[in-house]
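Per chain, numbering begins at 1; letters A, B, ... match sequence-line order.
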There are 2 protein chains.
Amino acid sequence: MEISVSQENYLKAIYKLASREGVASNQAIASVLESTPASVTNMLRKLTEMGWIDYEAYRGATLTAAGNKRALELVRKHRLWEVFLVEKLQYDWDAVHPLAEELEHIGGEELVNRLDAFLGHPQYDPHGDPIPDSEGNIRKRQHVMAASELNVGQDFAVCGVRDSSSLFLQHLDRLGIELGKRYALTERLEFDRSMVWQAESGQTTTVSQEVASNVLIQRVK
Amino acid sequence: MEISVSQENYLKAIYKLASREGVASNQAIASVLESTPASVTNMLRKLTEMGWIDYEAYRGATLTAAGNKRALELVRKHRLWEVFLVEKLQYDWDAVHPLAEELEHIGGEELVNRLDAFLGHPQYDPHGDPIPDSEGNIRKRQHVMAASELNVGQDFAVCGVRDSSSLFLQHLDRLGIELGKRYALTERLEFDRSMVWQAESGQTTTVSQEVASNVLIQRVK
DNA sequence: GTCTGTTTTTAGTCGAGACTAAATATTTAG
DNA sequence: CTAAATATTTAGTCTCGACTAAAAACAGAC
Ligand SMILES: [Mn+2]
Ligand SMILES: [Mn+2]
Ligand SMILES: [Mn+2]
Ligand SMILES: [Mn+2]
């Protein structure tokens, strides 16, 4: 039984929710897919029937082994296409998500593996998210934390974002914050919990608590 | 009113049929789209309503100016993706059509123009078909004919195919026939109208009438 | 344990895009 | 010019994936 684009989007949503919460609730899925709980109930039954998920009424959904494999393949495709769009077509990192959301449904393993090879087997997508390999293994990075958890005096490098919305990414552009860039946390303002980051160039940037909690970093040295 | 994937496929089918026959009949569209005449009638009414085509009951369909522009954009996207798949992802020329058939529906002018630039503004797709530019202008090649129309003694270069089916393209692979390759027609066998082509290497290939009439060539020297 | 608010499911609809069978229009042949 | 053959449209259904409103189940507070 062939899976539809809509069904693939459900699998990806369930993958993301279940890996954070253990189980994907009806309401959470509806919210991610901008749909309604009633529509979700309907689709969950089909996906169960097809063997992609485990689901019991009122209990929420989790992926089966097959569903997990498929979801990881979709994540892989999505992130590889994002790399392609940014690296090869020079798109801005805030513009690629909607296109990748469509491209991820095209072709099968052959296409994604060729794309992967063409791109040189990248490890991370333009937002710092890890790209699963062709076996579905996803490198989990150690010691990644939100910038808001840092202490004054620490050195760190930006390695990802929690919020990939265009609005947030453009805000980071304006602040000059980008993946791989290194800073030292020189000050923390008690009044509003904002932080002062000093780049290697010496330039400083004031970063709000709201922003810092959505920027992922790794400590360095 | 947003156009659907299905509707875009109709526009492309009408474009191809109308440019060959002047008008696209109901039955011909159904045959191209592997659908039924009843379904076509239904869709033609919608496309008329939306301003993409001109259509009167029993009379067949033609594209409006808007429809023509849209169809050419689709052809452009289709062929550019084919170039990408062959040049960058090393697909065989007989494998790319189904993927391009899906990719052509993704994104808008921005994506296709970036892809075009990335590929270096190619003029022809892997099957020798011309790629419309961003204005929708399509370079019509002069002096292109079927190989079957050649006379003995003439030199020529292969520049396209009439049949893009995987079966035919693989057959050409087996015969060693590829785009750009030059031959001289050394002999024509009256019995079954087959031809003997001599490559620049000196190697000869016997080509049936059926094959020759589906290979497009240009005379050289 | 019952009450109450939240979550999920049920029931009934809808639009898009397909289909088949039957009716009608058009074209071709005699 | 009419009759047969062919093409197109009409009428009635179907599946998919969504929706709303109402009913039912569940979970937390007392
Ligand atoms: Mn998607
Ligand atoms: Mn991403
Ligand atoms: Mn298509
Ligand atoms: Mn082609």
Which part of the nucleic acid, if any, lies within reach of [X] when heavy atoms closer than 4.0 Å are counted: base, sugar-phosphate only, or nothing?
| X | result |
| --- | --- |
| A:Ala57 | sugar-phosphate |
| B:Ser39 | base |
| A:Arg59 | nothing |
| B:Thr41 | base |

Just the rounded figure in Å: distance from [atom2] of [N] to [atom1] of [X].
| X | N | atom1 | atom2 | value |
| --- | --- | --- | --- | --- |
| A:Glu2 | D:dC16 | CD | C1' | 15 Å |
| A:Ile29 | C:dT9 | CD1 | C1' | 14 Å |
| A:Leu33 | D:dA18 | CG | C1' | 12 Å |
| B:Glu34 | C:dC19 | CD | P | 10 Å |
| B:Ile3 | C:dG17 | CD1 | P | 10 Å |
| A:Leu44 | C:dT8 | CG | C1' | 11 Å |
| A:Asn42 | D:dT15 | CG | P | 14 Å |
| B:Arg45 | D:dA11 | CZ | P | 10 Å |

To the side chain of [X], which of [options] is closest?
| X | options | answer |
| --- | --- | --- |
| A:Asn26 | C:dT8, C:dA18, D:dT8 | C:dT8 |
| A:Gln27 | C:dT7, C:dC19, D:dT9 | C:dT7 |
| A:Tyr58 | D:dT10, C:dT8, C:dG17 | C:dT8 |
| A:Met43 | D:dA18, C:dG17, D:dT9 | D:dA18 |
| A:Lys46 | C:dG17, D:dT8, D:dG17 | D:dG17 |

(message) I'd like to know whether B:Arg76 forms a salt bridge (Lys or Arg N to Asp or Glu O under 4.0 Å) with B:Asp116, so could you lay out the CA-CA distance, the side-chain angles of the two residues, the decisive distance to 0.1 Å, and finally the verdict.
(response) CA-CA 9 Å; B:Arg76 174 166 152 84; B:Asp116 182 42; 3.5 Å; yes

(message) For the residue pair B:Arg45 and B:Tyr55, would you count it as a cation-pi contact if the rule is NZ or CZ under 6.0 angstrom from the ring centre and within 45 degrees of the ring axis?
(response)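 No; the conditions do not both hold, so B:Arg45 does not lie above the ring face of B:Tyr55.
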
(request) Would you kindly check if the NZ (Lys) or CZ (Arg) of B:Lys88 is within the cone defined by 45 degrees around the ring axis of B:Phe118 and under 6.0 Å from the six-membered ring centre? (result)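 Checked: cation-pi criterion met.
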
(request) Check whether more than 12 heavy atoms from other residues, nucleotides or ligands sit under 6.0 Å from atom CZ of A:Arg139, and answer yes or no. (result)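 Enclosed: over 12 neighbouring heavy atoms sit under 6.0 Å from CZ of A:Arg139.
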
Taking only N and O in the side chain of [X], is any of them less than 4.0 Å away from OP1 or OP2 of [N]?
| X | N | value |
| --- | --- | --- |
| A:Tyr55 | C:dT9 | yes |
| B:Tyr10 | C:dA18 | yes |
| A:Thr36 | D:dC19 | yes |
| B:Gln7 | C:dA16 | no |
| A:Ser4 | D:dG17 | yes |
| B:Ser35 | C:dC19 | yes |

(message) Please determine whether a side-chain nitrogen of the Lys or Arg among B:Glu110 and B:Arg114 lies less than 4.0 Å from a carboxylate oxygen of the Asp or Glu.
(response)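 Here B:Glu110 pairs with B:Arg114 in a salt bridge, since their nearest N and O are under 4.0 Å apart.
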
(message) Could you check whether any side-chain N or O of B:Ser25 sits under 3.5 Å from a backbone N or O of B:Gly60, counting only pairs where one atom can act as donor and the other as acceptor?
(response)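 Checking the backbone N and O of B:Gly60 against the side chain of B:Ser25, no donor-acceptor pair under 3.5 Å is found.
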
